[in-house]
Trainee: 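First, the structure itself, so that you have it in front of you.
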Amino acid sequence: MNENQGPRYEIGPLLHRAQRKAATAFTDALRPLGLQSKHFGALLVLRRGHGLSQRELIERLDSDKSSMVRMLDDLESRGLCVRTPDTQDRRAYSVRLTDTGHAVFEQAERHAMKVVDELLSGFTAEESQQLRDLLVRFIAD
């Protein structure tokens, strides 16, 4: 077994370290905007979702209810999203980005692209795409 080949059970710790490295890099890059990587993830999902319920957001971000409520409180207090009663379910709320949220996301997206370029600088374009494809497949239900 060469140095780059380790036991398969190292995958978990390696994924954990990769996630921490990426989250730290994203948080550092987004700090000037007052965002953390978790905020960016929520803004990204909301931008794609065009008005999701809090439950859908929790599922898509693999979060828990109390953490999601705190994060939405943060985003809402900054005017980046708004929660409104769901027209289909009086117990639920629909969450959508505000115009300010869209504008901040566009700024954050530029920062995020720089971070991704730095994190993947040691990979070819094909390897970067393969990594993304493998991760998507790995997390698929």
Trainee: Please report the C-alpha distance between Val69 and Ser66 in whole Å, then the side-chain angles of each, then the deciding distance to 0.1 Å, and finally whether the side chain to side chain contact (heavy atoms under 4.5 Å, CB included) criterion is met.
Mentor: CA-CA 5 Å; Val69 169; Ser66 60; 5.7 Å; no
Trainee: Sub-3.5 Å donor-acceptor pair from the side chain of Glu127 to the main-chain atoms of Thr124, do we have one?
Mentor: yes
Trainee: Does a sphere of radius 6.0 Å around CG in Asp64 hold more than 12 heavy atoms from other residues, nucleotides or ligands, not counting ones at 6.0 Å or beyond?
Mentor: yes
Trainee: Measure the spacing between CD1 of Ile58 and OG of Ser63 and express it to the nearest 0.5 Å.
Mentor: 6.0 Å
Trainee: So if you build clusters from Ile, Leu, Val, Met, Phe, Trp, Tyr with side-chain heavy-atom gaps below 4.5 Å, do Ile11 and Ile139 land together?
Mentor: yes
Trainee: Is there a path from Leu119 to Leu134 through hydrophobic residues (I, L, V, M, F, W, Y) whose side chains come within less than 4.5 Å of each other?
Mentor: no
Trainee: Specify the closest pair of heavy atoms between Leu35 and Ala108, including all atoms of both residues, with the distance to one decimal.
Mentor: CD1-CB, 3.9 Å
Trainee: Where the side chain of Glu76 meets the backbone of Asp73, is there a donor-acceptor pair that is under 3.5 Å apart?
Mentor: no
Trainee: For a side chain to side chain contact (heavy atoms under 4.5 Å, CB included) check, start with the C-alpha distance between Leu120 and Leu131, then their side-chain angles and the critical distance, and finish with the verdict.
Mentor: CA-CA 10 Å; Leu120 299 178; Leu131 176 61; 4.0 Å; yes
Trainee: One thing to verify: whether Lys114 and Asp117 come together as a salt bridge, which I'm taking to mean a side-chain N less than 4.0 angstrom from a carboxylate O.
Mentor: no
Trainee: Taking only residues two or more places apart in sequence, or in another chain, which ones meet Val45 in a side-chain contact (heavy atoms from CB on, under 4.5 Å)?
Mentor: Leu52, Leu57, Arg60, Leu61
Trainee: Going by ring-ring contact (aromatic ring centres under 6.0 Å, His included), name the pairs with one or both residues in residues 96-125, residues two or more places apart or in two chains.
Mentor: Phe40-Phe105
Trainee: Calculate, to the nearest 0.5 Å, the distance between atoms CG and CD belonging to Leu135 and Gln19 respectively.
Mentor: 11.5 Å
Trainee: Less than 4.5 Å apart, any side-chain heavy atom of Leu30 and any of Val115?
Mentor: no
Trainee: Give, for atom CG of Leu15 and atom CD of Glu10, the distance between the pair rounded to the nearest 0.5 Å.
Mentor: 11.5 Å
Trainee: Please report the closest heavy-atom contact between Ser53 and Glu56, naming both atoms and the distance.
Mentor: N-OE1, 2.8 Å
Trainee: Could you state the interatomic distance from CG (Leu44) to OG (Ser37), rounded to the nearest 0.5 Å?
Mentor: 12.0 Å
Trainee: How many angstroms lie between CZ in Arg83 and CG in Leu75, if you round to the nearest 0.5 Å?
Mentor: 9.0 Å
Trainee: Does some side-chain heavy atom of Thr84 sit less than 4.5 Å from a side-chain heavy atom of Val95?
Mentor: no
Trainee: Got a sec, which pairs hit side-chain hydrogen bond (donor to acceptor under 3.5 Å, both in side chains) with one end in residues 91-100, sequence neighbours left out?
Mentor: Asp89-Arg91
Trainee: Check Gly34 against His39 and note the closest heavy-atom contact, atom names and distance.
Mentor: O-ND1, 4.5 Å
Trainee: Measure the CG-CD distance between Asp133 and Glu126 for me, rounded to the nearest 0.5 Å.
Mentor: 11.5 Å
Trainee: Could you tell me whether the side chain of Thr27 and the main chain of Ala23 form a donor-acceptor pair under 3.5 Å?
Mentor: yes
Trainee: Give the intermediate values and the outcome of side chain to side chain contact (heavy atoms under 4.5 Å, CB included) for residues Met71 and Gln36.
Mentor: CA-CA 10 Å; Met71 182 171 43; Gln36 297 175 14; over 6 Å; no
